[in-house]
A.B. asks: 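One structure, pasted below without further comment.
Lettering follows sequence order; numbering is per chain, from 1.
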Protein chains: 2
Amino acid sequence: MSTSLLDELTQALQCLPSVGPKSAQRMVYHLLDKNRQGALKLSNVLERAVHEIGHCKQCRTFTESDLCHLCVNEKRNSNGVICVVEMPVDVLAIEQTALFSGTYFVLMGHLSPLDGVGPDQLGLNLLESQLSSGHINEVILATNPTVEGEATAYYIAEMSKKFNIKVSRIAHGVPVGGELEFVDSTTLSHSFSGRSEI
Amino acid sequence: MSTSLLDELTQALQCLPSVGPKSAQRMVYHLLDKNRQGALKLSNVLERAVHEIGHCKQCRTFTESDLCHLCVNEKRNSNGVICVVEMPVDVLAIEQTALFSGTYFVLMGHLSPLDGVGPDQLGLNLLESQLSSGHINEVILATNPTVEGEATAYYIAEMSKKFNIKVSRIAHGVPVGGELEFVDSTTLSHSFSGRSEI
Ligand SMILES: [Zn+2]
Ligand SMILES: [Zn+2]
């Protein structure tokens, strides 16, 4: 017996993160039984997304246009501050604070020599050309507080200093509302070394 | 600004059961960043599944053929026993026990007059014509032990008796390996009323 279309669909759904055989099967029956219209819509949008969504020519985040909706904003560009993050979701998280009015640079990862991810893979030549333009006053490093994120931040900090651009790193510490005893020791040590006088 | 393709995809993914805005967003970034090939494959299989998968003409389960792979089996058909279940997943569950060698009838639901689900919606006329053929010796009722499942079982039991066909109901009780104290009272009462002499 050749593979049935039901099996093929159960298999294909497992390309989604944290979807295993059991939940894929549940999805198949749900879609076929209750929402064929939604399934067709999903099929259509998926295909268009794969073909049409690329990277912003300025900040590298996902977008279907040449420039993302933040990079086309003249006010943000004239702000002179670039915030460097690892992933597109990080942009959304920072945007939600409504505290930042500059532009972003999305690395789409972090330096990881063992996985073959060097400066080129992170588009750091593109970032360097932006830093060399003379329009940037500050680079805010918002990579993750992991070994790789810190190494990446350090690399970009050195690069920025070549152009005499001010570099800052976002603060890491005890989350607001969090309790000390539940915070891991790495975070706590960040919290100590990053302490400020009051 | 019109809705971006990213937003459209995040929206479309929420047709999947238990996928909310947060996990849909994670899926979008994962697919675009790491598995565009898988996304295209999913798009393609989804569309084919919606157009090609219908219901088995004999047992009503999902299949892309006229008859599902169980209903084309002559041995199963000549067995003379029909097991009635609510959903296609129930067929899979029973098949895993490898204890049943007859055919199934999949109601695709249960009687629920308030939701407009009557005998016609469950294909009971199709089941009745099978019962009237003279080839069926027993009907095993494996609907769920819920109020609706019991009512549906009762309805089909009455129908089967009209043709002098033996009717049985699968046993409900304490799961093997389960502990009495953790079993709900409905199950426990089933377990008592279904007790057998030893
Ligand atoms: Zn951009
Ligand atoms: Zn069938």
A.B. asks: Does B/Leu16 share a hydrophobic cluster with B/Phe62, counting links as ILVMFWY side-chain heavy atoms below 4.5 Å and allowing steps through other members?
C.D. replies: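 Yes: a chain of side-chain contacts under 4.5 Å links B/Leu16 to B/Phe62.
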A.B. asks: Counting only heavy atoms from other residues, nucleotides and ligands, does the tally under 6.0 Å from OH of A/Tyr155 exceed 12?
C.D. replies: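 Open: at most 12 neighbouring heavy atoms sit under 6.0 Å from OH of A/Tyr155.
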A.B. asks: Let me confirm one number: the CG-CD distance from B/Leu9 to A/Glu52, rounded to the nearest 0.5 Å.
C.D. replies: 11.5 Å
A.B. asks: Spell out, yes or no, whether A/Leu107 and A/Val167 are grouped together once hydrophobic residues are joined by side-chain heavy atoms under 4.5 Å, including indirect joins.
C.D. replies: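 Yes, A/Leu107 connects to A/Val167 through the hydrophobic network.
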A.B. asks: Kindly compute the distance separating CG (A/Leu5) from CD (B/Glu64), expressed to the nearest 0.5 Å.
C.D. replies: 4.5 Å
A.B. asks: Suppose a student defines contact as a heavy atom less than 4.5 Å from any heavy atom of chain B. Which residues in residues 135-146 of chain A would they list?
C.D. replies: none
A.B. asks: Just checking A/Phe100: does its CZ atom have more than 12 heavy atoms from other residues, nucleotides or ligands closer to it than 6.0 angstrom?
C.D. replies: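 More than 12 within 6.0 Å, yes.
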A.B. asks: Would you please go through residues 19-49 of chain A and name the residues with a non-hydrogen atom below 4.5 Å from one of chain B, in numerical order?
C.D. replies: A/Val19, A/Gln25, A/Arg26, A/Met27, A/Tyr29, A/His30, A/Leu31, A/Leu32, A/Asp33, A/Asn35, A/Arg36, A/Gly38, A/Ala39, A/Leu40, A/Lys41, A/Leu42, A/Ser43, A/Val45, A/Leu46, A/Glu47, A/Arg48, A/Ala49
A.B. asks: Same cluster for B/Ile170 and B/Val84 if Ile/Leu/Val/Met/Phe/Trp/Tyr side chains link at under 4.5 Å?
C.D. replies: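 B/Ile170 and B/Val84: separate clusters.
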A.B. asks: Would a single hydrophobic cluster contain both A/Val72 and A/Leu92, if residues Ile, Leu, Val, Met, Phe, Trp and Tyr are joined by side-chain heavy-atom contacts under 4.5 Å?
C.D. replies: no
A.B. asks: Does B/Met108 share a hydrophobic cluster with B/Ile94, counting links as ILVMFWY side-chain heavy atoms below 4.5 Å and allowing steps through other members?
C.D. replies: yes
A.B. asks: Please flag which part of B/Ser65 lies under 4.5 Å from any non-hydrogen atom of chain A: side chain, backbone, both or neither.
C.D. replies: neither
